[in-house]
Amino acid sequence: MKKHVLLSAAVLLGCSDSPTTPPLVPAAPDTLAVLGLGHVAERYTGEVAVRGDWAYTSTWSNRNGVPGNAVKIWNVAGATPMLVDSLIVPGASTTGDVQISDDGALLVVAIEPNPNGAIMIYDRSDPARPDSIARFRSASTLQGVHTVKLGRVDGRHYAFLSIDPAAEPARLVMVDITDPAQPFEAGSLRIGAPFMHDVFVRDGLLFAAVWHDGLRIYDIGGGGRGGSVAEPVQLGHVTTRSGSIHNIWWFHDPASGSERYVFLGEEAPGSVLSTAAGDVHVIDVTDLSQPVQVAQYALPGAGAHNFTMDEASGVLYAAFYNGGVRALDVRGDLGVCMAAQRNDDGFCDLRSMDRELAVAVPSGAYIWGVAHQDVHIYASDMKAGLYKVDAASLQR
């Protein structure tokens, strides 16, 4: 386990406003053991989704003339992920996002680019060989579906599609997949400056990452304002200083019952496959109409991309591209800290608060996404494939 670094009586007593008080130095995080790597050499690896003994990774862009039109199928029962097969997705040059439904029945894949934007819906009755059920495309999706997230609202199942901006502004398209063989468009929103990037759906609320417009929160059936999937009603809005809000997680803490914090990933400009930038922003949503930032986590020289959580343990796992995976303790009050633990913007700094629990930084990796299951995390490396990592030490 981590050992905390204690620097001075003045700091410990909270007398940190004194100019002579040294800054807090956080303890070095533990290192999580990488159990194995399943290699992908011919394509760049994108997002990862996992359930049981099976994982799926999407593919991105073009690598030495090979398009990102495949979803890789992995058996992850052993220490090293074993590549079993590939789904070749017709009309795709990038399959940037892949999702498994909460009941494990469906696999849904986002398809880019313009004019072939769509989603593919697969049956997972045989998880080693997902079978195509339907391809959904409409005039609203043709510019390209960058991300897809799944959620249930009022007993119906939806796919929330983030559409690339092109001739038209970015938009969010809601597709009813309750009958996966007959998907239909249930609503859309034109939002994003300039991107509508990702969403998080829970308890009838929609949290939308709208890039330089920050975070927008909508009632789509659970916010008490008469909103629905067809007609969302905005509840609140917050921006961060540097913008570029990319992804979201709304934390429900089963230990305390708290639903106070939303975590935002910021993807700032960088050089793909080598450098990156962008922080994790912590938003207090106690009042959904007035969300407010209270904390931040920054990793100099690296940038956040996608999240997963072990909610039972209160641990957020953040993919940080060239910074690997960072495990953060996010249980408790994140907005209360000593003066020496605040960053230049006045927010509590999670690293200075000694909340960086552990890291997994495979040499030379460029981590796109991360998925948690039981005592493991699975990290997708754009350059190399899929890592399986032992996270048992962080369970509590």
Does either side chain, that of [X] or that of [Y], offer a donor lying less than 3.5 Å from an acceptor on the other one?
X      : Y      : value
Tyr122 : Arg129 : no
Gln296 : Asp349 : no
Lys72  : Ser86  : yes
Gln373 : Arg51  : no
Thr95  : Ser58  : no
His157 : Asp102 : no
Arg43  : Asn69  : yes
Thr57  : Trp74  : yes
Ser242 : Glu266 : yes

Any idea which heavy atoms bring [X] and [Y] closest together, and the distance?
X      : Y      : result
Val148 : Ala159 : CG2-CB, 3.9 Å
Gly227 : Asp219 : N-OD2, 2.9 Å
Leu328 : Leu350 : CD1-CD1, 4.3 Å
Tyr317 : Ala391 : OH-CB, 3.5 Å
Asp213 : Gly192 : OD2-C, 4.4 Å
Ala128 : Trp54  : CB-CH2, 3.4 Å

Should [X] and [Y] count as an ion pair when the cut-off is N to O under 4.0 Å?
X      : Y      : answer
Arg326 : Glu356 : yes
Glu311 : Arg202 : yes
Arg152 : Asp103 : yes
Asp329 : Arg355 : yes
Arg260 : Asp333 : yes

Would you say that [X] contacts [Y] through its side chain, given a criterion of any heavy-atom pair below 4.5 Å between the two side chains?
X      : Y      : answer
Leu32  : Ile377 : yes
Leu264 : Ile283 : yes
Ile177 : Ile121 : yes
Val315 : Val330 : no
Pro165 : Met196 : no
Ile248 : Asp198 : no
Leu87  : Leu107 : yes

For the pair Arg137 and Glu185, evaluate salt bridge (charged side-chain N to carboxylate O under 4.0 Å, His left out) and give the outcome as yes or no after the intermediate values.
CA-CA 9 Å; Arg137 67 194 297 265; Glu185 187 169 320; over 6 Å; no
Quick check on the 6.0 Å ring-centre criterion: do Tyr366 and Tyr321 meet it?
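So the answer is yes for these two rings.
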Which residue, Asp279, Asp345, Asp344, forms the salt bridge (charged side-chain N to carboxylate O under 4.0 Å, His left out) with Arg241?
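Of the listed residues Asp279, Asp345, Asp344, the salt bridge (charged side-chain N to carboxylate O under 4.0 Å, His left out) partner of Arg241 is Asp345.
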Listing request: all ring-ring contact (aromatic ring centres under 6.0 Å, His included) pairs with a residue in residues 269-300, at least two apart in sequence or in separate chains.
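Residue pairs passing ring-ring contact (aromatic ring centres under 6.0 Å, His included), neighbours aside: Tyr297-Phe320.
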Tell me the ring-ring contact (aromatic ring centres under 6.0 Å, His included) pairs involving residues 195-217, sequence neighbours left out?
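Every ring-ring contact (aromatic ring centres under 6.0 Å, His included) pair that includes a residue of residues 195-217, provided the two are not neighbours, is His146-His197, Phe195-Trp211, His197-Trp211, His197-His246, Phe200-Trp249, Phe207-Trp250.
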For Glu231, does the CD atom have more than 12 heavy-atom neighbours from other residues, nucleotides or ligands under 6.0 Å away?
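Counting neighbours around CD of Glu231, 12 or fewer heavy atoms of other residues, nucleotides or ligands fall under 6.0 Å, so no.
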Would the number of heavy atoms belonging to other residues, nucleotides or ligands and lying under 6.0 Å from CZ of Arg396 be above 12?
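It does: Arg396 CZ has more than 12 such atoms within range.
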Mind checking whether Val34 and Leu394 sit in one hydrophobic cluster, side chains of I, L, V, M, F, W, Y counted as touching below 4.5 Å?
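The answer is yes; both residues are in one hydrophobic cluster.
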Please determine whether residues Val48 and Val76 belong to a single hydrophobic cluster, defined as Ile, Leu, Val, Met, Phe, Trp and Tyr linked transitively by side-chain heavy-atom distances below 4.5 Å.
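Yes, same cluster.
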Run the numbers on Arg124 and Ile100 for side chain to side chain contact (heavy atoms under 4.5 Å, CB included), then give the verdict.
CA-CA 9 Å; Arg124 286 190 69 252; Ile100 300 171; 4.1 Å; yes
Evaluate Asn306 against Trp368 for side chain to side chain contact (heavy atoms under 4.5 Å, CB included), listing each step before the verdict.
CA-CA 7 Å; Asn306 285 335; Trp368 173 298; 3.5 Å; yes
Mind running side chain to side chain contact (heavy atoms under 4.5 Å, CB included) on Ile133 and Leu106 for me, showing each step along the way?
CA-CA 9 Å; Ile133 300 175; Leu106 303 177; 3.7 Å; yes
Could you point out which residue of Leu37, Val370, Leu35 forms a side-chain contact (heavy atoms from CB on, under 4.5 Å) with Tyr387?
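Answer to the side-chain contact (heavy atoms from CB on, under 4.5 Å) test with Tyr387 among Leu37, Val370, Leu35: Leu37.
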Check whether Asn247 reaches the backbone of His305 with its side chain - one donor and one acceptor, N or O, closer than 3.5 Å.
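Looks like yes, one N/O pair under 3.5 Å.
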